[in-house]
Every structure is written in structure tokens, then in C-alpha cells.
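Below is one structure, written out as C-alpha cells, with a few remarks after it.
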Number of protein chains: 2
Amino acid sequence: METMKFKEILKKRNLKATQNRLGLLEAISAFKTAMPYSELQKTLNYMDRVTLYRTIDKLKEQGVIHKAFQENNETFYAICGEKCSSDTHHHDHIHFKCIKCKAVTCENMDKALKISLPDYEIHKVAINVSGVCGVCLV
Amino acid sequence: METMKFKEILKKRNLKATQNRLGLLEAISAFKTAMPYSELQKTLNYMDRVTLYRTIDKLKEQGVIHKAFQENNETFYAICGEKCSSDTHHHDHIHFKCIKCKAVTCENMDKALKISLPDYEIHKVAINVSGVCGVCLV
DNA sequence: GAATCAAATGCAACAATGTTGCATTTAAGA
DNA sequence: TCTTAAATGCAACATTGTTGCATTTGATTC
Ligand SMILES: [Mn+2]
Ligand SMILES: [Mn+2]
Ligand SMILES: [Zn+2]
Ligand SMILES: [Zn+2]
């Protein structure tokens, strides 16, 4: 398993490598695409509901996972890439939700697209796209 | 007031011009920027909570209002432009949230920016930007 | 203006989501 | 093994969102 990898990641972020945190990371990792909250709750039903919320929050604020999509009160989470830190999530990718298979995926862009708003100071840009994924198209 | 304007809009969408619907449209309109759900509830406290949800849903699905932003379980609603129909929301604009004044606004783009994902069929694109608005920058 | 009728509303009851305080447990370092 | 701050579980609560059903209301026809 990648348990060792996750322990390292947690250590790097000064977070204790607890059973719950490792369990959550394994779960998201095994899910392949971004994992909806309801699935997390099902898979991790051994841990307290409150703890799940707090675990998600902590890992999110330390740049280990990120919220990939939110729709109809269903939130999807994905593991961050190497570039994310406790200071900032560094996401140069967009999020795609397939209306057929419902999968949410992180998609890299060929060229980083620049958003500009005159007189505004831009901090974060989130791009959410929906449509039909490659698998479901055939 | 613009009550007449709203009555026309509702008629065009085959929606009854009820007190609740007019009230909601007046409220959003008076709020200037996109209006958070919690504010809607405060302003429209005379109407049943369930009715507020159903009113929002109906007006949303008929292209009268649209969800402009969602963050931390706070959803912002704005009135649609002319181009929206009951079939499709036609939004060539992005949504901006100011981290200082918390206002959410609809911002038009100079040039419509194209998102492309090879092998994917793109239906909808939502772009949410946060930062500091012009007013709060000075 | 009164009658009609589908659409809209209010109410009750419920389910899911998210939050806070506090006592207990646990992982990491010494 | 000991120590300690961080993490957890539990209870209690607040908010958000949903469904069914009886009643009301707004648009249309007469
Ligand atoms: Mn992502
Ligand atoms: Mn908008
Ligand atoms: Zn798909
Ligand atoms: Zn501002």
C-alpha cells in the first residue's frame, strides 16, 4: 500500500499519522476519481461523524486534500498534488464532472488560462466544467 | 418599483406572479450584488421556509435567477440577464467574491475565454474567482 | 364580478449536514 | 516508559434541505 507515502506526507505537514487520517487518504486514493462526501462517510463509517468533518478540515487547510467539486450539497474531495502547501493550494487544474457516470476528475490544462478583471485583485480562480467524459462518450 | 418588469418576466416564463415570487425578485434586486440565502431568509421571513426553497428552485429552473456562488454552505443568488431561458442559462460571465466586503458579483469578460478538454464533451463552464474588489482596493 | 382549476403555499414531519464543548484517548518525542 | 499536546468520541445543538398533503390563490373563462 501507499500507507508509507501518506505517513510521509502527513509528517511533512506536521500532522499526526493517525488511523483516521490514513484511512481517509487510503479511501480517497482507492476511489481513483474525486470522492463524494457520502461515499467517504460510508467507507469510513467506523469513525465518528464529527471526526470525519474535522479530519477533512485539517487535511484541507494543510494542503493534503482539496475540495474538487460541490453540487446539490454533495462535496467531492481529491488528494492534492505535490505543489500544495499549508500556505496555499496551488491548483492550475480544472474540475470536471461527467453527467453520465457522475465522476469528478481533476484535469490539467495545456496552457494555463489567464483570467483578468481590471481594477480587481485576483487571489483564487476555480473552474468547474460539466459534460460527458471520454469513457462515457464512446 | 420594478414590480411591473418582474410581472412581465414571470409571465414570459409561464409562472404565476405571486406575492412570494415578486417579493423574492424585489429582494434580490434591492440587494444590488448577488444575495446570500441567509439574507433572503431574513428579508422574506414572512414566507414559509419550504416555499422559499421551492420558489428559488422554480425561478432557477425557468431561467429567472441563477446560483452565483456557493461557499461554506452559503449560496448566493442573482437575477439572470435577458439571454437566459427555461431551456438553458446562458452565462458568459464569471462570478467574483470579495474577501473583504464579502460581496458576490457577476462580472462580464472582455473576451469569452474558451476551455477545451480533448475527448470530452463540454456542456457547462462555471468560473468562480475570489480576491479584492475595486471598492475595497482603494 | 363570480366560477373554475391547476399551480402555489403552509404546515408537519423528517433526513442530512454541519458546529461546539468537554472528557478521554492516542501518537510522537524525550 | 513517561509526558503532553493533538486528536478523538460523544452529546447536544443549529442549520439546511426534502416530502406529502390539505388549503389557498392567481389566471382564465364565462
Ligand atoms: Mn483537483
Ligand atoms: Mn451571475
Ligand atoms: Zn463519465
Ligand atoms: Zn469588496
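Just so you know, these numbers come straight off a predicted model, no measurement behind them.
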Gap between atoms NZ and C1', on Lys60(A) and dG18(C) respectively (whole Å): 11 Å
Between the base of dG9(D) and the side chain of Arg54(A), is one N or O donor paired with an acceptor at under 3.5 angstrom? yes
Checking all strands, does Thr55(A) fall into the base, sugar-phosphate, or nothing category for heavy-atom contacts under 4.0 angstrom? sugar-phosphate
Any carboxylate oxygen within less than 4.0 angstrom of a Lys/Arg side-chain nitrogen, looking at Lys42(A) and Glu39(A)? yes
Tell me whether the rings of His95(B) and His66(B) are parallel (<30°), tilted (30 to 60°) or perpendicular (>60°). parallel
Hey, does the side-chain of Arg49(B) have a donor or acceptor N/O within less than 3.5 Å of a partner on the base of dG10(C)? no
Under 4.0 Å, counting only non-hydrogen atoms across every strand here, what does Gln41(A) touch: a base, just sugar-phosphate, or nothing? sugar-phosphate
Take Lys11(A) and Asn73(A), find for each the nucleotide of DNA chain C with the closest heavy atom, and name the residue whose nucleotide sits nearer the 5' end. Asn73(A)
Output the rounded distance in Å from CG (Asn14(A)) to P (dA5(D)). 16 Å
Ile56(A) CD1 - dG18(C) C1' separation (whole Å): 11 Å
On DNA chain D, more 5' by nearest nucleotide between Val50(A) and Thr18(A) is Thr18(A)
Rounded to the Å, how far apart are Leu15(B) CG and dT9(C) C1'? 15 Å
Take the protein atom CG of Leu22(A) and the nucleotide atom C1' of dA7(D), then report the distance between them rounded to whole Å. 13 Å
Rounded to whole angstroms, how far apart are CG on Leu59(B) and P on dA8(C)? 10 Å
What is the separation between atom CG on Asp57(A) and atom P on dT20(C), rounded to the nearest whole Å? 10 Å
Calculate, to the nearest 0.5 Å, the distance between atoms CG and NZ belonging to Asn128(B) and Lys97(B) respectively. 10.5 Å
Along DNA chain D (nearest heavy atom to each residue), the more 5'-positioned of Tyr37(B) and Gln19(B): Tyr37(B)
Classify the nucleic acid contact of Arg21(A) as base, sugar-phosphate or nothing, counting any heavy atom under 4.0 Å across all strands shown. sugar-phosphate
Can you check whether Tyr77(B) reaches Lys67(B) side chain to side chain, under 4.5 Å on heavy atoms? yes
Tell me, do Tyr120(A) and Cys133(B) make a side-chain contact under 4.5 Å, heavy atoms counted? yes
Taking 4.0 Å as the cut-off, does a side-chain nitrogen or oxygen of Asn20(A) come that near to OP1 or OP2 on dA27(C)? no
In whole angstrom, give the distance that lies between atom CG of Asp48(A) and atom P of dT24(C). 16 Å
OP1, OP2 of dA6(C) versus side-chain N and O of Lys16(B): anything below 4.0 Å? no
